[in-house]
Amino acid sequence: MSEKFYFEIKHICKQSGARYGILHTPHGDVETPMFMPVGTLASVKYLSPDDLYAIHAGVILANTYHLWLRPGEDVVANAGGVQAFMNYKGPMLTDSGGFQVFSLAEKRKITEEGVTFKSHLNGEKLFLSPEKSIEIQNKLGSDIAMCLDECPGYPATYEYMKQSVERTLRWAKRCKEANHNPEQSLFGICQGGAFEDLRKMSAEGIAQLDFPGYAIGGTSVGEDKPTLYKMIDYAIPYLPSDKPRYLMGVGSIDAILEGVFRGVDMFDCVLPTRIARHGSLMTSKGRVNIRDKQYEYDLRPIDDECDCYCCQNFTRSYLRHLYKCDEGLAKRLLSIHNLRFLIHLMEEIRVAIQEDRYGDFKAELIKKYGLDQKDSKGF
RNA sequence: GCGGUUGUGGCGAAGCGGUUUAACGCACCUGACUGUGACUCAGGCACGCGUGGGUUCGAUCCCCACUAGCCGCC
C-alpha cells in the first residue's frame, strides 16, 4: 500500500452515525462519502477530463478486463499508467474484472485457479486469475485496485454462495500476495449475497487479510432495495471502521442515501451515465425523459436547482432536439448533468453529516423525491 | 388526346381470394437501464389496403368505372 494512501474519518454524524472523511491517494485527496463515475475503457463515455474536473469528479473507475482486451495493459503502462494514458489528473480505481464474471456469464467458466473467459470481442479464449488481474492492475497503475472476486447473481442458493464466498476469500489472499505495486492500494471485497452468516464470514475473512479498504460486492445484481440494505447491514459490522467502505455498483439516489446512513463511504455506478446516454435524467423533481414530447417547447433547464454546465446553458427544448437528432453533444451534456447531480448530492450529504443532521437530511430528500413511494425507481 | 404502368399507416415496403388481430424497416409515442458486451433493450402506433360499384359464402388480393402519380407516343 502506498504511504500516500490513507483514510481519515473527520466527523461522525451524531444524529445518524454516517461518516465524513478524506481519502488521501497518490493522485490527490477526495472527500467521502463520494460517488465515482465509471470510465470502463479509460474514458467516462463522451466526457473529457476537463468535463470531469468541472463537475468535481474525484475518483473515477476503469476496468481491468476491458483494458486488458483493448488496448492491452502494456499499452497503458507504456503511457505511464491509466491516469497519464487518458490525461486525467485525479485518482482512479480499477475494477478487477470480477463483475465481468457475472455480466459475461455465458462466456466463462470458474475454477479454483481462476476464470476462463471467451473474449466478447473475438471469441478468443482468455484466462483471468487473481494473480493475472493484479498483474494487469499493477501495470494500469490505478490508485486503488480491486481483488478479483466472484460476483454471483441474485438469487443464488446457499450452497453455491457458500463455496463461492470461500473461493473469493482464497482469491483475495492470492491477490494480496500478488500485489507488487507500492503506489497502488488493494481493496478486498465482501460477498455472500443475502445470507447473513455468509456476509459475516466473508467480511470477517477479508478484514483479517488487512486491506486498506473494503468493498461490499454482489450488489446491484437483481435484488430488490430492502435486500440490498440487508446485504449492507450484514457486512458493515465486520468491516474495520477506520477503513473506507465501498458499495459496488450502486447509484440510485435512495440506495446512496441508505448506504451512507449505514456507513458506506464510496459508491460507483454506470447508472447516471448510461441513462443519460439513453435520454433519462435525474432531477430534483424526479426522472425526466428528455425525448418526451412534453418538452418540445420547454425552455427551462433540465433541473432549475442544478449548477451544471448543461443546466446553466441549455433548454430542454434544445436538448430534446439534440437527443432526437442523435447529436453526440446531447450525450455529453446529459452525462454531465446526471453526474453533476449525483456529485452535488454527495456534497450536500457531506455537509449534512458534518452538521450532525444527516438523519433529517435523508428523511427530507426521501420525502422530496418521493422515494418512499412504492413505484419509485429511486431514479 | 392515345397506350402502358402503379396506387397498402408520416415514409419505404410485404401480402395478391379464407391462420392478416395487414409482416418488416425507418420515423413517431412511451417505458426500462445500478463494480458499462449498452447511440442498448422492451412496448405502442392502419376498425383499414386511392374512390365508387360489382363478382363471391368470403375480397387489400378478381372485374368495371372513376381518380391520382409515373413512363412512353402524338
Side-chain angles (χ1 to χ4, degrees), chain A residues 35-46 59-67 69-70 92-108 117-123 133 137 142 144-154 187 189-191 215-225 227-228 231 246-256 258-259 264 266-282 287-296 320 322-332 334-335 338 342 375 377-379:
Chain A
F35 177 80
M36 307 181 286
V38 179
T40 303
L41 287 162
S43 159
V44 177
K45 293 184 191 302
Y46 291 90
V59 179
I60 64 171
L61 264 69
N63 184 276
T64 300
Y65 168 78
H66 290 286
L67 290 176
L69 266 59
R70 223 167 33 182
M92 289 190 68
L93 179 154
T94 41
D95 188 27
S96 62
F99 187 71
Q100 282 62 43
V101 176
F102 163 72
S103 64
L104 303 174
E106 302 90 68
K107 299 186 187 301
R108 53 80 170 145
F117 283 90
K118 250 178 126 169
S119 161
H120 70 281
L121 297 174
N122 58 16
S133 175
Q137 293 187 74
S142 53
I144 301 169
M146 300 301 299
C147 286
L148 182 69
D149 64 331
E150 184 193 348
C151 178
Y154 178 85
F187 278 27
I189 303 175
C190 167
Q191 287 288 344
I216 299 169
T219 46
S220 293
V221 291
E223 79 283 3
D224 55 24
K225 291 283 164 60
T227 303
L228 168 63
M231 291 173 171
Y246 163 28
L247 182 59
M248 307 187 80
V250 170
S252 61
I253 294 169
D254 50 355
I256 287 176
E258 295 296 339
V264 173
M266 304 161 65
F267 301 84
D268 86 283
C269 197
V270 304
L271 189 68
T273 43
R274 178 178 293 170
I275 67 176
R277 273 178 278 122
H278 297 164
S280 203
L281 292 319
M282 297 172 168
R287 274 277 260 274
V288 165
N289 284 322
I290 197 61
R291 71 170 169 280
D292 286 1
K293 193 157 184 69
Q294 59 176 305
Y295 306 124
E296 191 173 16
R320 177 176 192 269
L322 289 183
Y323 183 83
K324 290 183 72 72
C325 294
D326 198 24
E327 284 289 332
L329 181 58
K331 294 185 177 68
R332 170 166 170 253
L334 299 178
S335 294
N338 271 355
L342 276 189
D375 57 348
K377 302 292 185 299
F379 65 95

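Checking the phosphate oxygens (OP1, OP2) of B:U34, a side-chain nitrogen or oxygen of A:Arg274 falls inside 4.0 Å.
A:Thr219 places no side-chain N or O within donor-acceptor distance of the main-chain N or O of A:Leu228, the cut-off being under 3.5 Å. For A:Arg277 (side chain) and A:Ser335 (main-chain N/O), no donor-acceptor pair under 3.5 Å exists by modelled atom type.
Atom name C1', nucleotides B:G50 and B:U6: the rounded distance is 11 Å, in whole Å. As rounded to the nearest Å, B:G18 and B:A59 have C1' atoms that lie 9 Å from one another.
Among B:C33, B:C29, B:G35, the nucleotide with an atom closest to any side-chain atom of A:Arg320 is B:C29. Among B:G31, B:G35, B:C39, the nucleotide with an atom closest to any side-chain atom of A:Ile189 is B:G35.
Rounded to whole Å, the distance from CE on A:Met146 to P on B:G35 is 13 Å. Straight-line distance from the CZ atom of A:Phe99 to the P atom of B:U36: 6 Å, rounded to whole Å. Atom OH in A:Tyr323 sits about 14 Å away from atom C1' in B:A27, given to the nearest Å. Regarding A:Asp224, its CG atom lies at a distance of 14 Å from the P atom of B:C33, rounded to whole Å. Rounded to whole angstrom, the span from the CD1 atom of A:Ile275 across to the P atom of B:U34 amounts to 10 Å. The interatomic distance linking A:Met92 (CE) with B:G35 (P) rounds to 16 Å, in whole Å. Atom CG in A:Leu342 sits roughly 14 Å away from atom P in B:U34 (whole-Å rounding).
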Original post:
Yes or no on side chain to side chain contact (heavy atoms under 4.5 Å, CB included) for A:Phe99 and A:Met146, after CA distance, side-chain angles and deciding distance?
Top reply: CA-CA 11 Å; A:Phe99 187 71; A:Met146 300 301 299; over 6 Å; no
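Minimum heavy-atom separation, A:Cys269 to A:Gly249: SG-O, 3.6 Å.
Applying the 5.5 angstrom centroid cut-off and the 30 degree plane-angle cut-off, the aromatic ring of A:His278 is not stacked upon the base of B:C39.
A:Asp326 comes within 4.0 angstrom of a base, heavy atoms only. When heavy atoms are screened at a 4.0 angstrom cut-off, A:Gly279 is found touching no nucleic acid atom at all. Across all strands shown, A:Leu61 has heavy atoms under 4.0 Å from sugar-phosphate atoms exclusively, and none from any base.
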